[in-house]
There are 2 protein chains.
Amino acid sequence: MKTRDKILLSSLELFNERGERNITTNHIAAHLAISPGNLYYHFRNKSDIVYEIFQEYEKLVDYYLDIPEDRPMTLDDLAFYLESVFDGLWSYRFFHRDLESLLDSDPRLRLGYRAFTDRCLVSIGRIFSKLAEAGIIEAQPDALRSAMSLNVWLVITNWMAFLKTAHASGQAPELSLRELKQGIYQVLTLELPYLTPEYRERVLTLREKYRPALACQNG
Amino acid sequence: MKTRDKILLSSLELFNERGERNITTNHIAAHLAISPGNLYYHFRNKSDIVYEIFQEYEKLVDYYLDIPEDRPMTLDDLAFYLESVFDGLWSYRFFHRDLESLLDSDPRLRLGYRAFTDRCLVSIGRIFSKLAEAGIIEAQPDALRSAMSLNVWLVITNWMAFLKTAHASGQAPELSLRELKQGIYQVLTLELPYLTPEYRERVLTLREKYRPALACQNG
DNA sequence: TCATTATTAGAGTATATACTCTAGGCAGTC
DNA sequence: GACTGCCTAGAGTATATACTCTAATAATGA
């Protein structure tokens with residue numbers, strides 16, 4: 001594998017494990033047993049590394065959220081979208097963790113992320129539309145659908161932060177993909193009241209698969 | 001005013017304006033035109049300053065979310081709770097912005113924040129209960145109420161981050177309290193489907209007061 | 001073969017930042 | 001006056017971190 005790709009891969013790995021804020025370019029170089037000079041031969045600065053990783057992330061999610069228009073949506077589709085989005089969130093979890101400071105230190109990233117958010121919100125709205133067309137949820141007026149999409153987005157993108165902060169277990173809250181996917185339970189909770197009677201039970205069953213363990217069920 | 005209090009006040013101000021990550025103890029001292037040594041006479045380290053500010057925040061929110069048990073809840077109460085919580089969020093807005101790294105660097109804060117979250121979730125759940133008792137929303141099973149409370153919490157605590165990241169306007173996204181309170185619109189969106197027919201219109205009217213301007217209504 | 005280009009090492013630098021240390025001022029009080 | 005306790009100044013330090021520079025080595029192509 002090319003050094004350049006190794007840098008991207010290791011950076012992602014280290015960022016995810018310990019947070020972008022805590023990983024220096026020297027750490028990355030040391031992790032790969034290459035020199036700092038070598039790293040800076042391949043990337044002008046740390047922001048460039050982050051930006052490139054963001055673009056991968058973007059591409060992945062865009063790919064998953066490409067809603068086919070030529071056929072009706074099924075419940076399986078919904079399950080797939082949710083699983084995929086949370087998989088992406090997991091693979092690039094460092095990103096939402098330090099989002100604000102990342103955007104502060106790179107205007108490109110700010111613009112790119114804003115556009116990304118917009119696309120995601122559109123996709124979520126489209127999913128709601130198609131769910132309604134398929135008779136899985138009741139149809140909703142545009143304004144309501146927008147507001148709901150936004151709430152879905154807020155829950156999805158911040159569920160991990162909640163888990164990390166709410167975790168009681170010791171100082172170093174280690175997360176698992178499994179726990180992260182309990183966020184799907186929360187997302188489906190948002191849709192609950194809009195389900196059609198025909199699909200209600202099936203969605204409840206799906207939702208039940210992601211029910212959090214008792215420890216996290218506070219409140 | 002005592003130097004110690006001035007330090008707390010200036011710190012909060014600077015943290016809110018530019019983020020805790022970007023404000024050093026030297027900045028704080030310079031802002032107050034005192035020496036670093038002076039600052040460190042009053043506080044052992046930066047974490048202690050942050051922790052003390054957190055305790056103020058905690059106290060404020062706890063005070064607002066002290067739900068009286070001796071009388072039924074009104075819609076005005078709900079409006080008051082929402083307004084108060086968002087006021088608190090605004091006054092201490094640096095906190096949620098850099099939450100993760102703050103908790104990473106201070107175990108006290110991690111524990112304190114976790115307990116704080118739990119109390120808030122309980123309060124939100126209690127509000128839902130009392131809204132149901134008052135006939136404003138339909139009664140809900142415990143599990144649903146817990147999940148909904150959690151969603152409300154996620155929306156409330158992350159609405160500001162969303163605004164800051166979604167703001168297109170230039171590099172330096174300046175927020176206003178007014179914009180922040182559009183979060184109330186999002187929170188009330190969550191409750192919409194559970195409203196009783198008698199109160200539906202009144203809550204919709206309340207919600208309308210916080211409708212975001214068009215620029216933010218994407219998705 | 002040899003010149004050119006791509007890659008790498010590794011020492012080094014400028015800057016920032018949290019924090020320390022020493023000396024001293026000032027108010028009250030015996 | 002001098003002692004005491006609180007407060008303040010400000011120079012200074014250890015460490016970290018993003019990044020640079022030069023020179024050497026490998027790879028490539030004519």
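The analysis underlying the following values was restricted to heavy atoms, covering all of them including side chains, and did not include hydrogens, waters or symmetry mates. Remember, it's a predicted structure, so these values are computed and weren't measured experimentally. A note on names: the letters A, B, ... follow the listed sequences, proteins ahead of strands, and every chain is numbered from 1.
B:Leu39 comes within 4.0 angstrom of nothing in the nucleic acid, heavy atoms only. Across all strands, B:Ala33 comes closer than 4.0 Å only to sugar-phosphate atoms, never to a base (heavy-atom distances).
Under a 3.5 Å cut-off, the side chain of A:Thr165 and the backbone N or O of A:Phe162 do form a donor-acceptor pair. The closest donor-acceptor contact from the side chain of B:Gln186 to the backbone of A:Ala147 lies under 3.5 Å.
Taking A:Phe86 as the reference, nothing meets the ring pair (Phe, Tyr, Trp, His ring centres under 6.0 Å) condition, with sequence neighbours excluded.
Distances shorter than 4.0 Å separate some side-chain N or O of A:Ser35 from OP1 or OP2 on C:dA9. Side-chain nitrogen and oxygen atoms of B:Thr25 include at least one within less than 4.0 Å of the OP1 or OP2 phosphate oxygen of C:dA18. An OP1 or OP2 oxygen of D:dA9 is reached within less than 4.0 angstrom by a side-chain nitrogen or oxygen of B:Asn38. For D:dT20, the OP1/OP2 oxygens have no side-chain nitrogen or oxygen of A:Tyr40 closer than 4.0 Å. Note on A:Thr3: a side-chain N or O is less than 4.0 Å away from OP1 or OP2 of C:dT8.
Both A:His27 and B:Arg4 lie close to DNA chain D; mapped to their nearest nucleotides by heavy-atom distance, the more 5′-ward contact belongs to B:Arg4.
Relative to the ring axis of B:Phe128, B:Arg145 does not place its NZ or CZ within 45° and under 6.0 Å from the centre.
Taking the side chain of A:Tyr41 as heavy atoms from C-beta on, and the options D:dC7, D:dC19, C:dA6, the nearest nucleotide is C:dA6. Picking from C:dT8, D:dC19, D:dA11 the nucleotide with the shortest atom distance to the side chain of A:Pro36 gives D:dC19. Considering only the side chain of A:Asn26, D:dA18 comes nearest among D:dA11, C:dT7, D:dA18.
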